[in-house]
There are 2 protein chains.
Amino acid sequence: MELKRLKYFIAVAEERHFGRAAARLDMAQPPLSRQIAALEKDIGAQLFDRSRSQIRLTQAGEVFLERARDLVERLDSAYREARLIGQGGAGRLRIAFVGSATHGPLPTLIKSYRSHYPDVDLSLSAMNNAELERALVQQDIDIAVARPALKIEDLRSVLLIEEPLMLALPDNSPIATRSAAVSLPELEGETFVLYPRRPRPSFADDVLQCCALNGFTPRNQAFAQDYQTAISLVSVGVGLSVVPRSVSQVSRPGVAFRPFTGENPGTRLTIHARLDNRRPHVLNFFDVLRRFTRQGPAGTAAR
Amino acid sequence: MELKRLKYFIAVAEERHFGRAAARLDMAQPPLSRQIAALEKDIGAQLFDRSRSQIRLTQAGEVFLERARDLVERLDSAYREARLIGQGGAGRLRIAFVGSATHGPLPTLIKSYRSHYPDVDLSLSAMNNAELERALVQQDIDIAVARPALKIEDLRSVLLIEEPLMLALPDNSPIATRSAAVSLPELEGETFVLYPRRPRPSFADDVLQCCALNGFTPRNQAFAQDYQTAISLVSVGVGLSVVPRSVSQVSRPGVAFRPFTGENPGTRLTIHARLDNRRPHVLNFFDVLRRFTRQGPAGTAAR
DNA sequence: TTTTGCGATACCGTTCGGGTATCATCTGCG
DNA sequence: CGCAGATGATACCCGAACGGTATCGCAAAA
């Protein structure tokens, strides 16, 4: 109810003439005079000195003009900022992912999103599947990248990548140093470093299912909380581990990565968001994701 | 037309409840809902997430809330500031005065004004009568303190002080060192250091009229632009000068001040402002001045 | 499933803002 | 000194917008 008056006041102050200001504002002069008078009454001070033929700003008017310009400017920018955030062009998007996703196409996907929405603050954090599930349910995050997937209700889920499994072996192991191909069953007696099986489905399920398809169940199992720990255990000779191929692309002292023959059902990375999370940032992210997977996530190799 | 909406929005955002916010705003809930909806449409973004039972701010809403609070605060302070200036409680008052006024009651008067209106910026400058006249006409200053007065049209004029004249003599002059009273006519042969006679009336007029009343006209006259220069000329022995008594209260090496017998019509300090200058600061200043002169400008002696 | 609480929608009356006509005042010119 | 033109203020009218009451729709809780 008073903002229009600020604009009116600015126009009159700049034109120093009610008639011209009214023309500029596309209105008649009398209502403009009335609005200015009302503004002056509200403020309780004269803003214009009308004693001469050419109207002039009073000192109060001079100061109020500065303030009014600033206010109009700020209001406008507040509108624009809110609009931008509302369209997902600014603000914050919270993404969490399993640690092993950092080697695959995820960084490329995130770069792509960033290039489309450079003003969005990305909050990135690594979590295991259990933490992802909790954070997603409690809306602490918008996007979860799980391996192989989260299986809770009311999630929007998109497959990011499917990749084969590989062996991670101590590099002084005879199996690692020999040139012949490796098959899984011959490792039945070795210690398999696995991950927690909860919540289902877990990466451990992928590995155990792979073993099952190859006709055996690992006899000795050790457990690690995440793939980094698992590889560390391998490097110090605790046993061997099975990892997604993308993980094998980083070299790690004491660890050798080898493919294996036989059945290899692979493992998947899945991107989730709550179905009821209609935040434009999330929708935009899935748009970028859709284009990304469609044009082939050749980014698998990248980085 | 949009500011009311900001206040509505802030209320709803703070209450997180349309009904309570409406109660707080002393209005019904439906128009409030409509105003918020209109605001969201204007902005082009949702400000509230109404999907759950408890409404929540969206990210755009969070940011807009900050901005809205800031805007309301700024608007309010702009109103208050303009009002204060409009009442003469802040802003700037431009005062100019003849140099010789600095020793009389003027500083006390200004202190009194300052204590009543501590937030008013005082712009103080020294000018001779000619400059005062020009500045007042061109509205470069609000208040002029002239000696003895300005005689131009449309001025509000108030006598600040009337004081006797005194002699300023070189301190090695026999007249300065003798104990007997001094009369003006015996100085007829001395050089009188005077001031410019334009614009009329000038302090030089006061001095010459005083001489005339004592029955003579100074035979030798020297001219100085201001009283400081005049006293300097006296101190280096150019001649003698006649000054307002208040000036005699500062001691100056090489200069002795002496009263004289015979006629002493004295000299005045007059405070002027343009009649058409209705600025509250000027009116307030004259209010202070009125009280000041009424309760006796005992400040003559002060300082 | 029913009930309750809350926000949205429909509809109506009043108010306020804007338009046209006119007045009052000041300025400049003859 | 008086008259004409310009400019802001005032008077009056109309339409749009805002607020109020009644009611709906939906979702969470019982």
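Note that B/R156 lies in the cation-pi zone of B/F286, set by a 6.0 Å cut-off to the ring centre and a 45° limit from the axis.
More than 12 heavy-atom neighbours from other residues, nucleotides or ligands sit within 6.0 angstrom of CD on A/Q138.
Nearest to the side chain of B/M27, among C/dT9, D/dG19, D/dG8, sits D/dG19. Of the listed nucleotides (C/dG7, C/dA8, C/dT20), C/dT20 has the atom at the smallest distance from the side chain of A/P30.
If you measure from atom CZ of B/R56 to atom P of C/dG7, you get 15 Å, rounded to the nearest angstrom. B/L32 has its CG atom 19 Å from the P atom of D/dA17, to the nearest Å. Rounded to whole Å, the distance from CD on A/E15 to C1' on D/dT7 is 15 Å. Here the P atom of nucleotide C/dG5 and the CD1 atom of B/I55 are 17 Å apart, to the nearest Å. Atom pair A/Q54:CD and C/dT27:P shows a separation of 12 Å (rounding to whole Å applied). Spacing between atom CD1 of B/I36 and atom C1' of D/dC18 amounts to 14 Å, rounded to whole angstrom units. In this structure, the OH atom of A/Y8 is 16 Å from the P atom of D/dA9, given to the nearest Å. Distance B/K7 NZ to D/dG19 P: 13 Å, rounded to the nearest Å.
Side-chain nitrogen and oxygen atoms of A/S33 include at least one within less than 4.0 Å of the OP1 or OP2 phosphate oxygen of D/dA9. Residue A/Q29 places none of its side-chain N or O atoms closer than 4.0 Å to OP1 or OP2 of D/dT7.
Using the six-membered ring where Trp is involved, B/F9 and B/F48 have ring planes that are tilted, between 30° and 60° apart.
Between A/R34 and B/A37, the one whose closest nucleotide on DNA chain C sits nearer the 5' end is B/A37.
No side-chain donor from either of A/E73 and A/S77 sits under 3.5 Å from a side-chain acceptor of the other. Looking only at atom types and distance, the side chain of A/R83 has no donor-acceptor partner in the side chain of A/Q87 under 3.5 Å away. Defined by atom type and a distance below 3.5 Å, a donor-acceptor pair is present between the side-chain atoms of A/R147 and A/S100. Between the side chains of B/N277 and B/D142, at least one donor N or O lies within less than 3.5 Å of an accepting N or O.
For A/R290, the salt bridge (charged side-chain N to carboxylate O under 4.0 Å, His left out) partners at least two apart in sequence or on another chain are A/D287.
Contacts between residues 17-25 of chain A and DNA chain D, counted as heavy-atom distances below 4.0 Å, involve A/H17, A/F18, A/G19. Contacts between residues 39-51 of chain B and DNA chain D, defined by a heavy-atom separation under 4.0 Å, are absent.
For C/dG17, its base never sits under 3.5 Å from the side chain of A/R5 at any donor and acceptor pair.
Checked options A/K7, A/R69, A/R20; the residue passing with A/E14 is A/R69 (criterion: salt bridge (Lys or Arg N to Asp or Glu O under 4.0 Å)).
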